[in-house]
> 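My structure is below; once you've seen it, I'll send some questions.
Just so it is clear, the model here is predicted, and its values are computed rather than measured. Each chain gets a letter, A, B and so on, in the order its sequence line appears, and its residues count up from 1.
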2 protein chains.
Amino acid sequence: MANSRSGESVIERVVRVLETFSAERTVQTASEIGRRAQLPSSTAHRLVEELVASGILERDEEQRVRLGMHLWELALRGSTALRLRQAALPHMERVQSAIREHTQLAVLEQEEALFLERLSHPDAGANITRVAGRLPLHASSSGLVLLAHADPGLRERVLAAPLRSLGPGTITDPQLLRRVLAGIRRSGHVVAPGSVEGVSTGVAVPIRDAGSVIAALSVVLPRASDPAAAVRALSDAAVRIEEELRATRV
Amino acid sequence: MANSRSGESVIERVVRVLETFSAERTVQTASEIGRRAQLPSSTAHRLVEELVASGILERDEEQRVRLGMHLWELALRGSTALRLRQAALPHMERVQSAIREHTQLAVLEQEEALFLERLSHPDAGANITRVAGRLPLHASSSGLVLLAHADPGLRERVLAAPLRSLGPGTITDPQLLRRVLAGIRRSGHVVAPGSVEGVSTGVAVPIRDAGSVIAALSVVLPRASDPAAAVRALSDAAVRIEEELRATRV
DNA sequence: CCATCGACCCCCATTGAATGGGAAATCCTG
DNA sequence: CAGGATTTCCCATTCAATGGGGGTCGATGG
């Protein structure tokens, strides 16, 4: 009978509910969501029901629930991510058909690299990046470029925090990282050992809009191959994407 | 002093707020949102603030607000739209480089065709479809394919409602529409005069998953050209996408 | 220089939407 | 068919959300 109120807004709770979904977990039951989002079962069920009613979630064949098309639509139409992606896509395709490896586009989001787009090549090896996936800034070539051009406050925060290793190639020494970042600002690109795989090399360049760096374009190469052609292709694509952005400017 | 409560859930209101954004209106002030979403100004400001705090919205340089990257991320990771798009994209690229015209992928959503992806070719003409944009089912080649394979209830509802014309090529006669839909089910594809432009032809084929049609793949051709090659390229791509979906099955 | 307008942002009394415990109904599963 | 998990329903409680009012700030213009 005594109801201990939660003390948090519905919006926060809805975000927590949506955060329980992932690439590995695309469908869930209401109870699973409740457990994962730390909500009382009856509240979770009611919230899920409301979200289904507004099209944010969709029920599948029976019982379980998944992210709805309407959410996808709301998030994309009018999103700046979409504008950037649309400007970049044709040029990413060109890079990908020239280099024949994975090509990806990432932005800085909440102190991590968020991947907006990824084109994969059938011949190319495995790749941990996914669309809408994240990687730490210090542990991906895209992330390094974004970090190099991020505001100094963020940079120092990342340098101060422990640099988690994702594999043999990950930079974990702050001093080395500092030098690498300076090198990126000087040369305009980065060629880094693939932090995760260990058998690959990441190559990335910045994309600017209105002066500041807003995204990074990258490819993953087999360790053996020469990165020079990739650097050239990426730089060229970046210039064209920046032109496109200027033309599309609102 | 007297507060007339709204009588609707926060979730509904948030959806209304998000719906005020569009491709033409990517940044707004809190007051604009309030007006458009029919919310009292003080409520609108507070809601916007909460949404910014949770990363759903982002403030730009000063004052104004736009859809946040975090919303994009929440909507995409784990979304079925993403899985379909990822499976289709490489094959869409192949179609597009063969046919050299606009190529698009659409699904059925709330009795309209919702476009998940669009590849455009620089040489190709204008095209009203956009990613995250919609068109009526009877007024686009993709929509016709989706409608032809939709459940009979929906089909009859569309046939009963007035068929709004978007241009000279739009099918507005229910009897004709019925015959066209039957033809699509028989032949497995549609070649329809571009409903909007009038100078183009739409060609579309269905994509199936687990037996039922879940999407449509289409291209827009100049009225003059022969659709046979396009039909072949699309059908081929559809088969490959269906294979991919089977392989990716969860 | 002051008036006007619009956007923004507090304050705060009011209240109904949201809450969550309980319990019953339903679905699995061994 | 028993026992656990999941979902649905109910409802008294209450606090998060509400929105009117009013004050601040900045831009426009007469």
> Distance from A:Leu105 atom CG to A:Leu84 atom CG, nearest 0.5 Å?
5.0 Å

> Would you indicate, yes or no, if D:dG19 has its OP1 or OP2 atom less than 4.0 angstrom from a side-chain nitrogen or oxygen of B:Arg13?
yes

> On a heavy-atom basis, which atom in B:Leu245 and which in B:Ala87 lie closest, and how many Å separate them?
CD2-CB, 3.9 Å

> So that I can tick it off, tell me whether A:Arg178 and A:Glu156 are bridged by a salt bridge, with the cut-off set at under 4.0 angstrom between side-chain N and carboxylate O.
yes

> Could you give the distance from CD1 (A:Ile33) to CZ (A:Arg25), rounded to the nearest 0.5 Å?
10.0 Å

> Measure the distance from CG on B:Leu47 to P on D:dA17 and round it to the nearest whole Å.
9 Å

> List the atom of A:Val205, the atom of A:Val145, and the distance in Å for their closest heavy-atom pair.
C-CG1, 3.8 Å

> Indicate whether OP1 or OP2 belonging to D:dT18 is found under 4.0 Å from a side-chain N or O atom of B:Thr43.
no

> Summarise protein proximity over nucleotides 6-11 of chain C in one line of letters, 5' to 3': B for base, S for sugar-phosphate only, - for none, counting protein heavy atoms closer than 4.0 Å.
-SBSB-

> So if I take every side-chain heavy atom of B:Glu50 and compare against D:dA17, C:dA18, C:dG20, which nucleotide ends up nearest?
D:dA17

> Just to confirm, is there a sub-4.0 Å distance from OP1 or OP2 of C:dT19 to any side-chain nitrogen or oxygen of A:Arg46?
yes

> Specify the separation, in whole Å, of atom CD of B:Gln38 and atom P of D:dG19.
13 Å

> Rounded to the nearest 0.5 Å, what's the gap from CG on B:Leu163 to CG on B:Leu177? Could you check?
6.0 Å

> Five pairs per end, C1' atoms only: what is the angle between the end axes of the helix from C:dC1-D:dG30 to C:dC27-D:dG4, to 10 degrees?
50°

> Please evaluate residues B:Phe21 and B:Gln28 with respect to the criterion side chain to side chain contact (heavy atoms under 4.5 Å, CB included), reporting the C-alpha separation (whole Å), side-chain torsions for both, the decisive distance (0.1 Å), and the verdict.
CA-CA 8 Å; B:Phe21 289 86; B:Gln28 306 181 84; 3.5 Å; yes

> In this structure, which one of B:Val190, B:Leu137, B:Leu144 forms a side chain to side chain contact (heavy atoms under 4.5 Å, CB included) with B:Leu181?
B:Leu144

